[in-house]
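Heads up, the thing below is written out as structure tokens.
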Amino acid sequence: MPEDRERPDALEAKPHVLIAGAGIGGLSAALFAARAGWRVTLVDREPALQEAGAGLQISPNAARLLAGIGVLGALDDIAVEPNGILVHRASDDRILTHARFGHRILAKFGAPFLVAHRADLQRALLDKVEAHVAITLKLGLALQEIHERPEVIEADFVAADGTPLRIGADLLVGADGLWSRARKLCGLPSPSRYSGKTAWRTLIPREEAPLFAREPDIHLWLGANAHLVHYPVRGGHEINVVAIIEDDWREEGWSAPGSPDVLASRFAGWHARARSLIAAAESWKRWALVDRAPETRWSRARMTLLGDAAHPMMPFLAQGASQAIEDAACLGSLIAGVGADPAALAAALLRYDRLRIPRTARIQKAARSQGRLYHATGLQARLRDTALSVLPGDAPLERFGWIYRHDARVPGA
């Protein structure tokens, strides 16, 4: 029977998962759980899911998973498939290396490499969620407490008007982001280690951007204590620009305004082309980058975490969204056929921790290392530039092939 015609009594007989947080990870988890035969209640504290965040890279390890739940096709007209990545030296615009994509990506990894705006991916996932009869979306409910018993886990929420609501389920998944309430209720400390870096983002209309920035490529500029990334999104109609600088500023959230004068000053010594791109932006948003050492566990008997709630990571490998999607796919494959049996569910969550924690920890570590390389100064920067110049263009793809080839689904789980 099609998903949108399933009988109510059949739905009620399914095991029930409650997911707190309807970002990229939570929406993906809802779809993978429903695909695994679970009934899903997806809750978010915001009264409406807004267009937030910046552009993101959908690397092959995430693209193949999105294809598996019918979402990748919805991005055909709005995501951009870049020709490659060009790495510039910030001082003189010398191209240090050029990794070409195209058929190479499909041949190496079996899935495309895309760039998109976060809101466009969120909309594609949300459309699929809203069309699925086994998924109920509830907005404007803030998680307060959880009550875990052998036979059920219950979560207390409060609406904007103060109305309380308790929802019971067989499994609770915390996908509520960096400042996760679920993480705290799971008994894990908040991710409070500021990195000493801030990320600044903006979108520039295509017609207002310099010509070189309109190309369907990812451009990475490397300078002392800073780097710049830009690529087209939304079918090429806008240019996503992210600048990351060394900075002690701290504030929660994604949308604090940033002064263009600060960036103009910080990038004053860069090549004119990079400065022209920064100057083309009317406004900027900034956020403090937060890091955390890996945990030894994410799960309890009837509760687990995914995405930034579980493993916040620095953006230097552009894997934040992709790893949340991997978490969702892995968890979905592990709970398929498990049902509400407490022992089987606990075993599935334990296996989820054993599979996902080592992988995300390795990516966290690699991202930190990449950040040091991007922001190098002096002799270290000169050695980096020399190495990039002599290595073959495919070297970056080979170096991170272990990320892109991975399939997070667990066969036969």
Side-chain angles (χ1 to χ4, degrees), residues 17-33 40 42-46 49 52-54 56-59 61-63 65-66 69 71 116 118-119 121-122 124-126 129 135 137 143 155 171-186 188-193 199 252-254 287 289-295 297-300 303-335 349 352-353 355-364 367 403 406 408-409:
V17 57
L18 171 62
I19 302 172
I24 301 300
L27 291 164
S28 299
L31 292 170
F32 280 107
V40 182
L42 177 61
V43 180
D44 197 273
R45 66 179 301 130
E46 298 297 330
L49 298 183
L56 52 79
Q57 298 177 29
I58 306 172
S59 49
N61 48 305
L65 300 176
L66 293 175
I69 52 173
V71 171
R118 180 177 295 270
L121 175 56
Q122 178 175 289
L125 290 164
L126 180 60
V129 161
I135 304 174
L137 177 63
L143 178 63
L171 169 64
L172 188 149
V173 177
D176 49 344
L178 185 62
W179 304 105
S180 169
R181 175 70 176 169
R183 179 187 177 92
K184 181 178 180 180
L185 296 175
C186 197
L188 297 175
S190 298
S192 56
R193 188 173 73 186
E252 290 185 23
W254 282 67
W287 71 97
L289 296 180
V290 177
D291 195 11
R292 181 151 201 94
E295 306 291 348
R297 71 162 184 89
W298 299 339
S299 302
R300 297 179 2 179
M303 179 178 180
T304 195
L305 305 172
L306 62 75
D308 282 349
H311 49 73
M313 57 182 57
M314 301 296 285
F316 301 110
L317 290 178
Q319 279 294 305
S322 291
Q323 289 309 301
I325 294 167
E326 280 196 16
D327 291 342
C330 181
L331 182 62
S333 64
L334 289 170
I335 63 174
L349 297 183
Y352 171 69
D353 283 4
L355 288 171
R356 294 302 301 159
I357 290 177
R359 175 162 169 81
T360 55
R362 184 181 178 189
I363 293 174
Q364 285 176 306
I403 296 178
H406 185 76
R409 295 166 293 192

Closest contact, heavy atoms only, A328 versus G25 | CB-O, 4.1 Å
What distance do L27 atom CG and L49 atom CG have between them, rounded to the nearest 0.5 Å?
-> 6.5 Å
Note: R409-E326 ion pair, threshold 4.0 Å (strictly below) = no
Dump the intermediate steps for side-chain contact (heavy atoms from CB on, under 4.5 Å) on D308 and V290, then the final yes or no.
-> CA-CA 10 Å; D308 282 349; V290 177; over 6 Å; no
Would you call S28 and L125 a side-chain contact if the rule is heavy atoms closer than 4.5 Å?
-> yes
Would you call L18 and L171 a side-chain contact if the rule is heavy atoms closer than 4.5 Å?
-> no
State, to 0.1 Å, how close I69 and F32 come at their nearest heavy-atom pair, and which atoms those are.
-> CG2-CE2, 3.5 Å
CD1-CG distance between I58 and L66, expressed to the nearest 0.5 angstrom = 6.0 Å
Side chain to side chain, L355 and L334, heavy atoms closer than 4.5 Å = yes
Would R181 and L185 count as a side-chain contact (heavy atoms from CB on, under 4.5 Å) if you check the C-alpha gap in whole Å, the side-chain angles of each, and the deciding distance to 0.1 Å?
-> CA-CA 6 Å; R181 175 70 176 169; L185 296 175; 4.0 Å; yes
Between the OG1 atom in T304 and the CZ atom in R297, the distance rounded to the nearest 0.5 Å is 9.0 Å
Kindly give the heavy-atom pair with the smallest separation between G21 and L42, and that separation in Å.
-> O-CD1, 3.4 Å
pair L305-L188: side-chain heavy atoms closer than 4.5 Å | yes
Who are the ring-ring contact (aromatic ring centres under 6.0 Å, His included) partners of Y352, not counting sequence neighbours?
-> W298
Any side-chain heavy atom of R45 sitting closer than 4.5 Å to one from D176?
-> no
Note: D353 and P358 closest approach over all heavy atoms is O-CD, 3.7 Å
Report the distance from atom CG of L172 to atom OG of S299, rounding to the nearest 0.5 Å.
-> 11.0 Å
Given side chains that start at C-beta, do those of V129 and V40 come closer than 4.5 Å, heavy atoms only?
-> no
Do Q57 and S322 come close enough that some side-chain heavy atom pair is under 4.5 Å?
-> no
Might you work through the side-chain contact (heavy atoms from CB on, under 4.5 Å) test for L331 and L349, ending with a clear yes or no?
-> CA-CA 8 Å; L331 182 62; L349 297 183; 3.8 Å; yes
Check against side-chain contact (heavy atoms from CB on, under 4.5 Å), R359 and C330 | CA-CA 12 Å; R359 175 162 169 81; C330 181; over 6 Å; no
Do you know which two heavy atoms are closest between R356 and A408, and how far apart they sit?
-> NH1-CB, 4.2 Å
Considering non-hydrogen atoms only, spot the tightest contact between A155 and L143 and give its length.
-> CB-CD1, 3.8 Å
Side-chain atoms of residues 311-321: list all donor-acceptor pairs with protein atoms under 3.5 Å, sequence neighbours left out, distances to 0.1 Å.
{"residue": "H311", "atom": "NE2", "partner": "D327", "partner atom": "OD2", "Å": "2.5"}
{"residue": "Q319", "atom": "OE1", "partner": "N61", "partner atom": "ND2", "Å": "3.1"}
{"residue": "Q319", "atom": "OE1", "partner": "Q323", "partner atom": "NE2", "Å": "2.8"}
{"residue": "Q319", "atom": "NE2", "partner": "S59", "partner atom": "OG", "Å": "2.7"}

